[in-house]
Structure formats: structure tokens, C-alpha cells
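Each remark here refers to the structure printed beneath this line.
One-based numbering, in listed order, for ligands and for the atoms of each.
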Amino acid sequence: MKHYITTADWKQSELQEMLDLAQEFKQGLDDESLKNKSVALLFFNPSLRTRTSFEIGTWQMGGHAIVLEPGKNAWPIEFELGSVMDQQAEEHAIEAAKVLSRYCDLICIRAFPKFENWNEDRQDKVIKTFAKYASVPVINMETITHPCQELAHMQAIQEKLATQGKGGTKNKKYLLTWTYHPKPLNTAVANSSLLISSKFGMDVTLLCPNENYLLDERYMNLAKQNVEQYGGSFQVTHNIEEAYQDADVVYAKSWGALPFFGYWEPEKPMRDQYKHFIVNEEKMALTNNGIFSHCLPLRRNVKATDGVMDADYCFAIDEAENRLHVQKAIMKKLINQ
Ligand code: CP
């Protein structure tokens, strides 16, 4: 039984199959793969797009989704194996995963890092524990990667490049730019951006303020491995003009510097120096008629200007729509395996 926890577990051809299926859903495919089936949506963190698109997608495929928020409308859950549960948690993930598997046909989980210790968070224990003890497929709704966002992003890129007459993704210049945010955010979407762009043969540039903002070596290395397997290239730069020059796709995300995980006070004055990483019209003018997106939510005029967000080249809303289509494709694929 295969889960959908990271796209690193899936070949490019398998992901393209799901993208093709997502395109069929977008064009109106009526499919009842979830008829008389139920989907558990476990949210340890807030959401607008993910919750709405999973609930509606499940309903459109004839199924029923139930939203659980551990610690709010469901019992707080413990994940450490062997722990003495004398703190807040009322039940262990072992029982939660096994019980939900008796009721539900899919289990979807959103569990962000705790932002205290990256060496702990990078182990992705919450979703891995569920996957270990569940007897149904598990889908990642964002932990330390965001693989549903990845597919929605890639579906939109393929659509937009085709509309522009630029063809496919191979060797198109893809820029992932760090942007300022007043708070240190999750690296999940940035990790995912590297994974999916490199898996589809793009020439990937990671732009970040300095080496403190490099992403986890696991994802940097996976991007390099993808380049070897699927073509394209991968480079890191701290030079804004060089990064934007001739880019076909610009993707923006803010994240906290990994070396400062758990003691963010000294990171803030450093991060505050880089507000000029905002995506604006002047930077976009350097691109090769480039298109722009962000996973959303986005703070306007902090991460990207109104001018960029309202421009025709911004496809953030199309990408958000695609969440619905790709997740239906993922659920159909996993339920029918
Ligand atoms: N992009 C995304 O996952 O949005 P939500 O956090 O609103 O679900």
C-alpha cells in the first residue's frame, strides 16, 4: 500500500499520470471513486485552501470527509513511542491511526513543525507514525513538505507555459525566491518547490539572502539527484538581479533560517534586513515574460506587491484552484491501488 507523503517517493511519470488525471477532473470528469467511502482530515494547524478543497473534493467524488482538530475538537495526540503519557495528550497516535483506519478509507494529515528543534521536526514523526500504524493510505496535507501544493503548482505551470507557447517545463528557468515575512515560517513549500521543479527537468535557481537561509540538505540533495535523473540544473544565488534575469517562472516563499530553529530572537534582526526581497514589478521586468505564483496565504506588499499579485502573469489563484483537481486525482489513485 502506497502513501502520498512526499513526491520523492514517486517517479516523474507517476506524478505526470496524476497531473493528467487532475486535468481530466478540471475538465469535468465525473468520478465516484469515493462513493460510500470516508476520509479523515486531521488538522493540527489552520487552513483555508486545504480544508475546503479536500472536503469539497471528497463530496464531489461521492464520499464523506470528517475534519478532526486534535487538541480542539478531538483528543490531543502523543507521537513519541514509549513515552509516559502524563502530560496533555489523551491518546497515542498508534490507537488513533488504527481506530481511524476502521472507520475511514483515507487519512489526511496537516502537522507543521513545532519550530523548536529542526533535528526533531525534520524527522516528520507525526505523519510517519500515522503511516506506520494506519491500514489505509495516508496523504500529506503539509508537514515538512507540501506535496499536494506541489502538484497544483506543477499543473498550473504546465498550463501557463503551454498557453504562452513556451512548450514544456524542460530547461525552463525556475526561480524560487525567499521573501520577507515578520515571522519565521515553515520551509515545507520551499522544500516542495525544489522537489517538483527539479523533478520536471527545470533549470532551478534558489535565491535567498545568505547561507543561513539555505534549505535542509536533504531537499537540496534531492534536487541535485533529480537534476541527474531528469535533466535541468540547480544553483543557489544571493544576487537578486542575476536570479530574476530571464526567469520563466518565479515562485515566492518565506521561511525561517534553519540554524536559528528554537532561538528565533537573534534571527529577527537579520531577517528584517531583507525586506527588499519582496517580489515587485521591477524584478518581474527582468524575467523572460515570466509568470509568478505563491502557495497562499500571502501578505500583500510584504511578500509581493499589489502590482504583482494583480498582474496577468500571477497564477496564484489558478494554482489554488488546482488543489481541488490534483487532490481528487491523488485520492482516486490511492483508493484504487
Ligand atoms: N496553500 C495552503 O495550503 O493553504 P492553506 O494553508 O489555507 O490550506
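- The nearest protein atom to atom 6 (O) of ligand 1, hydrogens excluded, is given as R110 NH1, 2.9 Å; this is a heavy-atom distance.
- Regarding atom 7 (O) of ligand 1, its nearest protein heavy-atom neighbour is L48 N, 2.7 Å.
- Side chains of T305 and R300: a donor-acceptor N/O pair is absent below 3.5 angstrom, by distance only.
- Between V39 and C104, every side-chain heavy-atom pair lies at or beyond the 4.5 Å cut-off.
- In terms of protein heavy-atom proximity, atom 4 (O) of ligand 1 is nearest to R49 NE, 2.8 Å.
- Taking both residues in full, the closest heavy atoms of E265 and P269 are given as O-CD, 3.1 Å, listed atom of the first, atom of the second, then distance.
- Contact between H146 and ligand 1 is present, with at least one heavy atom of the residue lying under 4.0 Å from the ligand.
- Every atom of ligand 1 with a heavy atom of Q149 under 4.0 Å away is listed here by number and element: 1 (N), 2 (C), 3 (O).
- Contacts between L296 and ligand 1, counted as non-hydrogen atom pairs separated by less than 4.0 Å, involve the backbone only.
- K303 has its side chain out of reach of Y180: every pair of non-hydrogen atoms, C-beta onward, lies at least 4.5 Å apart.
- Of the N and O atoms on the side chains of T143 and D124, at least one donor lies less than 3.5 Å from an acceptor on the other residue.
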Quick one: do Q60 and F25 satisfy side chain to side chain contact (heavy atoms under 4.5 Å, CB included)? Show the steps, please. CA-CA 10 Å; Q60 288 178 345; F25 275 118; over 6 Å; no
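- Looking at ligand 1, you'll find an N or O of S47 within less than 3.5 Å of one of its N or O atoms.
- Taking the ring centroids of H3 and F130, they lie at or beyond the 6.0 Å cut-off.
- Heavy-atom proximity to C295, at under 4.0 Å, picks out these atoms of ligand 1: 1 (N).
- For ligand 1, the atoms sitting less than 4.0 Å from at least one non-hydrogen atom of R323 are 1 (N), 2 (C), 3 (O), numbered in the order shown with element in parentheses.
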